K.L.:
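Here it is, the structure in full.
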Amino acid sequence: MNTDLSKYCAVRDELAKLVAVGRRDASPSGTLNRYYDLLRLFDITCNRSKDGCVFAVYGSPKTGKSTLFNSLMGEAVLPACPIPTTGSIIDLRKDTERSDYEVDCRRNGGISHRNYFPDTRGVCDFLKKYATQKSPCEKVIVTGPFPKAASFISHRCSLRDTPGAEALLDTETRVVDDRLREDSEKTLASLKEPCVPLFCVSARTIGQQQDMDFYSAHFRSKCCLHVITHIDAVSTDLGDPAVTAKAERFREVFGVFPSSDCPNPIVCTGILNRPGGDRFVNIGLQELCDEMKVFLDPSGLGARILDTADFVLNHGIDWDDHGKKEIIFEHIRQLLHA
């Protein structure tokens, strides 16, 4: 283990003690839960967990979640508009040793039905039939070579598409059919599994109540990536003041701020589909890839752990533990200045 990683791990262990004491002696807070989430992601990245890193996309229907993942894969793998929206949990896993694509379709509590296709066109056609809201499986796992996928996507990194959160909110004031309710239950269940959430909001609808409620209930205490989709409806230039204004509006609505306590960047993306094959003009996709790669690199997450530890020392934690946290603070201070 190199010197930097040793330091990251040592600081991580002290932060873990702090989180453990806080969660035992105080009411769980969003801050403590966010620290816990960061440590868990660091463990996954450092292979302390047997599972690889899963990037899971969440948000309301029709926010371009499946299309965004198609861009990351470099081809149309997932059904997207005008096809009916996603109705299953769909995992995309890269395996360069395969020459074909295995589609593991799970129904009725986990019973698997495997299908094989020579290319992603066959996969997409299959998913249109069995993974959209018309006739969804519970979960689908697609494993294949994906030669056009972004370079950082490997066997230790998979993508997860989820149904829109349409039925999770405001159920007291409107009727929600069983189909949407089932989709939403799948989405909530997937949040219990370790993942890096990509919380997506369309540039056209920043501020709608269901997005704000969904975020507050499930994402405010997570180390997630915030993605503003459909930014191409605003501008094709990420430096445009109109794009900056959208990001500021997102921060205002969702309470996101760029600090060591909440290291959650906002990435703006837009995808202009061109006719004539699987070609995409991607606005902000490289910026998103760069932010996603941070979660795959021990040094990237380790640096965030050091920043978080520094933030803790400078701002403290708002609970009384009869002196326990001061001992941990001192250990962290010694490690940071070693």
Side-chain angles (χ1 to χ4, degrees), residues 37-38 41 44-45 52-60 62-78 80 86 90-94 146 148-154 156-162 164 195-206 211 215 219 222-240 242-251 254 256-258 262-274 278-297 299-301 303-304:
D37 201 47
L38 177 61
L41 293 173
I44 291 172
T45 303
C53 183
V54 177
F55 291 100
V57 65
Y58 294 94
S60 297
K62 306 298 184 183
T63 53
K65 302 186 298 295
S66 298
T67 304
L68 178 61
F69 273 6
N70 280 340
S71 268
L72 287 170
M73 301 310 290
E75 51 192 324
V77 184
L78 301 171
T86 302
I90 306 174
D91 282 5
L92 303 178
R93 299 177 180 176
K94 184 179 177 71
F146 294 112
K148 300 178 184 178
S151 59
F152 71 91
I153 297 174
S154 67
R156 294 292 298 168
C157 163
S158 60
L159 304 183
R160 175 172 295 158
D161 196 13
T162 67
C195 69
V196 178
L198 276 66
F199 182 76
C200 294
V201 175
S202 172
R204 304 184 183 104
T205 58
I206 294 175
D211 285 340
Y215 184 82
F219 297 94
K222 290 184 176 292
C223 288
C224 59
L225 283 168
H226 303 106
V227 184
I228 301 177
T229 59
H230 300 153
I231 204 66
D232 51 291
V234 178
S235 175
T236 57
D237 178 9
L238 292 181
D240 191 315
V243 174
T244 304
K246 287 291 182 181
E248 291 304 316
R249 174 61 177 156
F250 189 101
R251 290 189 178 93
F254 294 96
V256 180
F257 54 97
C262 185
N264 300 336
I266 297 173
V267 184
C268 298
T269 64
I271 298 160
L272 303 176
N273 292 308
R274 285 179 171 171
D278 302 329
R279 298 180 62 198
F280 305 95
V281 178
N282 302 297
I283 304 163
L285 192 70
Q286 186 57 54
E287 287 77 4
L288 177 60
C289 289
D290 290 343
E291 292 296 341
M292 292 172 75
K293 283 188 283 189
V294 169
F295 290 89
L296 302 174
D297 178 12
S299 63
L301 278 179
R304 291 194 177 188

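Since we're looking at a predicted model, the values are computed, not measured.
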K.L.:
State the CZ-CG distance between Phe69 and Leu78, to the nearest 0.5 angstrom.
P.N.:
8.0 Å
K.L.:
Test side-chain contact (heavy atoms from CB on, under 4.5 Å) on Thr269 and Asn282; report intermediate values, then the result.
P.N.:
CA-CA 7 Å; Thr269 64; Asn282 302 297; over 6 Å; no
K.L.:
I need the Ser151 OG to Lys293 NZ distance, nearest 0.5 Å.
P.N.:
5.5 Å
K.L.:
Would you indicate whether the side-chain heavy atoms of Val201 and Phe250 approach each other to under 4.5 Å?
P.N.:
yes
K.L.:
Please enumerate all residues that pass ring-ring contact (aromatic ring centres under 6.0 Å, His included) together with Phe146, with sequence neighbours excluded.
P.N.:
Tyr101
K.L.:
Pick out which of Tyr215, Phe254, Phe219 makes a ring pair (Phe, Tyr, Trp, His ring centres under 6.0 Å) with His226.
P.N.:
Tyr215
K.L.:
Write down the atom of Val57, the atom of Cys200, and the distance for their closest heavy-atom approach.
P.N.:
CG2-SG, 3.4 Å
K.L.:
On a heavy-atom basis, which atom in Lys62 and which in His230 lie closest, and how many Å separate them?
P.N.:
O-CE1, 3.3 Å
K.L.:
Taking the side chain as C-beta and beyond, is there a heavy-atom pair between Ile283 and Leu238 under 4.5 Å?
P.N.:
yes
K.L.:
By salt bridge (Lys or Arg N to Asp or Glu O under 4.0 Å), which residues pair with Arg249, not counting sequence neighbours?
P.N.:
Glu252
K.L.:
I'd like to check the side-chain hydrogen bond (donor to acceptor under 3.5 Å, both in side chains) partners of Asp37; sequence neighbours left out, ordered by chain and number.
P.N.:
Arg40
K.L.:
So which heavy atom on Cys268 is nearest to which on Val243, and how close?
P.N.:
SG-CG1, 3.8 Å
K.L.:
Report the residues that fulfil side-chain hydrogen bond (donor to acceptor under 3.5 Å, both in side chains) with Ser158, sequence neighbours left out, ordered by chain and then residue number.
P.N.:
none
K.L.:
Side chains of Met292 and Val196: does their closest heavy-atom pair fall under 4.5 Å?
P.N.:
no
K.L.:
Applying side-chain contact (heavy atoms from CB on, under 4.5 Å), run through Leu159 and Met73 and close with a yes or a no.
P.N.:
CA-CA 9 Å; Leu159 304 183; Met73 301 310 290; 3.5 Å; yes
K.L.:
In the structure I gave you, are the side-chain heavy atoms of Ser60 and Thr205 within less than 4.5 Å of one another anywhere?
P.N.:
no
K.L.:
Ignoring hydrogens and angles, tell me if any N or O in the side chain of Lys246 forms a donor-acceptor pair with the backbone of Ala203 under 3.5 Å.
P.N.:
yes
K.L.:
So how far is it from Leu285 CG to Ser71 OG, rounded to the nearest 0.5 Å?
P.N.:
5.5 Å
K.L.:
Does Glu287 have any side-chain hydrogen bond (donor to acceptor under 3.5 Å, both in side chains) partners at least two apart in sequence or in another chain, and if so, which?
P.N.:
none
K.L.:
What are the two closest non-hydrogen atoms of Val234 and Ala242, and how far apart are they?
P.N.:
CG1-CB, 3.6 Å
K.L.:
Would you check, one step at a time, whether the test side-chain contact (heavy atoms from CB on, under 4.5 Å) holds for Val294 with Arg304?
P.N.:
CA-CA 9 Å; Val294 169; Arg304 291 194 177 188; 3.8 Å; yes
K.L.:
Any non-hydrogen side-chain atom of Ile206 less than 4.5 Å from a side-chain atom of Ile228?
P.N.:
yes
K.L.:
At their closest point, which heavy atom of Cys223 faces which heavy atom of Pro197, and how far apart are they?
P.N.:
O-CD, 4.2 Å
K.L.:
Heavy-atom distance under 4.5 Å between the side chains of Leu68 and Val227, does that happen here?
P.N.:
yes
K.L.:
Quick one: side-chain hydrogen bond (donor to acceptor under 3.5 Å, both in side chains) partners of Ser299, sequence neighbours excluded?
P.N.:
Asp297
K.L.:
Enter the distance from Phe199:CZ to Ile266:CD1 here, rounded to the nearest 0.5 Å.
P.N.:
11.0 Å
K.L.:
Mind running side-chain contact (heavy atoms from CB on, under 4.5 Å) on Val77 and Leu92 for me, showing each step along the way?
P.N.:
CA-CA 9 Å; Val77 184; Leu92 303 178; 4.0 Å; yes
K.L.:
So, do Phe55 and Arg160 sit near enough that their side-chain heavy atoms are less than 4.5 Å apart?
P.N.:
no
K.L.:
Using every non-hydrogen atom in the two residues, find where Cys195 and Leu41 come nearest and quote the distance to one decimal.
P.N.:
O-CD2, 3.9 Å
K.L.:
Mark yes or no for whether Thr63, through its side chain, and Gly59, through its backbone, hold a donor-acceptor pair below 3.5 Å.
P.N.:
no
K.L.:
Enter the distance from Lys94:NZ to Cys157:SG here, rounded to the nearest 0.5 Å.
P.N.:
10.5 Å
K.L.:
Rounded to the nearest 0.5 Å, how far does CZ of Phe295 lie from CZ of Phe152?
P.N.:
11.5 Å
K.L.:
Is there a side-chain contact between Cys289 and Leu72 (heavy atoms, below 4.5 Å)?
P.N.:
yes
